[in-house]
Amino acid sequence: MKLRLGFLASHGGSNVQAILDACREGRLEAEPCVVISNNSDAMVLDRAMEARVPAFHLSSHIHPDPARLDEAILATLEKHRVNLIVLAGYMKKLGPKTLARYRGRVLNIHPALLPKHGGQGMYGHHVHEAVLAAGEKESGATVHIADAEYDEGRILAQKKVPVKPDDTPDRLAERVLEVEHQLYAETLQHIARGDIKLDGL
Ligand code: GRF
């Protein structure tokens with residue numbers, strides 16, 4: 001079955017961009033179908049429009065009732081016939097209806113080697129600060145299935161980077177982000193090829 005990707009992202013969307021590029025260049029056999037952001041001024045919406053992918057701002061500003069927001073997100077994904085959700089720096093939780101409809105078909109990327117350094121509050125620079133504080137010799141990126149809990153679903157793929165003695169959170173973040181861009185597209189291609197099997201695909 002051809003992958004039909006629906007992205008949710010809150011900010012810059014460099015991971016979304018890497019995946020859009022991989023699709024355009026034929027390294028990833030998948031169709032980017034829709035991009036949704038909870039921030040109306042997120043750069044990811046511009047990136048989507050540039051790539052001629054439908055882009056929507058859906059947030060609690062538009063739908064203050066969380067149940068309505070959940071329904072609006074689900075309706076948007078279904079309207080664009082998305083069969084796999086790609087979370088890429090999405091700072092909100094998916095609602096129960098969307099999660100139930102797409103259970104096992106929601107991917108997330110985390111900027112550390114899960115199961116270490118994940119969970120509530122572990123996002124952005126907090127992750128890299130924790131990795132440095134723990135004295136880790138290596139970090140990396142993890143693509144995993146997202147479920148109702150933070151960062152706890154099945155791990156699909158990881159890529160490692162070294163932690164250097166003079167690293168700052170920013171320097172480490174930059175090194176990790178580079179491998180995130182490779183890892184997300186590669187993992188999606190493994191799914192597209194059937195090398196990684198997901199329930200319901
Ligand atoms: C990435 O570090 C990702 O691991 C995390 O959020 C960041 C998103 O970056 N979940 P971008 O918006 O894709 O540039």
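Treat the numbers as computed from the prediction; the structure is a model and nothing was measured. Numbering of residues begins at 1 and proceeds along the displayed sequence. Start at 1 and go down the list; that is how both ligands and their atoms are numbered.
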For atom 7 (C) of ligand 1, which of the options Ala9, Gly89, Ala173, Ser10 provides the nearest non-hydrogen atom?
Gly89
Please write down residue, atom name and distance for the protein heavy atom closest to atom 3 (C) of ligand 1.
Glu180 OE1, 3.0 Å
Return yes when Gly12 approaches ligand 1 closer than 4.0 angstrom through a heavy atom, no otherwise.
yes
Taking Arg47 for its side chain and Gly12 for its backbone only, find out whether a donor-acceptor pair lies under 3.5 Å.
yes
Kindly give the cluster partners of Ile155, where membership spreads through any ILVMFWY side chain lying under 4.5 Å from a current member.
Leu114
Please state which protein non-hydrogen atom is closest to atom 10 (N) of ligand 1 and give its distance, to 0.1 Å?
Ile109 O, 3.1 Å
Residue set satisfying side-chain contact (heavy atoms from CB on, under 4.5 Å) with Ala185, at least two apart, ordered chain then number -> Ala22
Nearest neighbour in protein (non-hydrogen) for atom 13 (O) of ligand 1:
Asn15 N, 2.8 Å
Tell me, with the steps shown, if Ser14 and His181 meet side-chain hydrogen bond (donor to acceptor under 3.5 Å, both in side chains).
CA-CA 8 Å; Ser14 69; His181 295 161; 2.8 Å; yes
Closest to atom 12 (O) of ligand 1 among protein heavy atoms sits Gly13 N, 2.8 Å
Contact (N/O only, under 3.5 Å) between Val16 and ligand 1:
no
Are there more than 12 heavy atoms of other residues, nucleotides or ligands under 6.0 Å from atom NZ of Lys93?
yes
Can you sort out which atoms of ligand 1 are near Pro111, meaning under 4.0 Å from one of its heavy atoms?
2 (O), 4 (O)
Please write down residue, atom name and distance for the protein heavy atom closest to atom 11 (P) of ligand 1.
Ser14 N, 3.4 Å
Among Gln158, His110, Lys159, whose side chain to side chain donor-acceptor pair (under 3.5 Å) with Thr142 holds?
Gln158
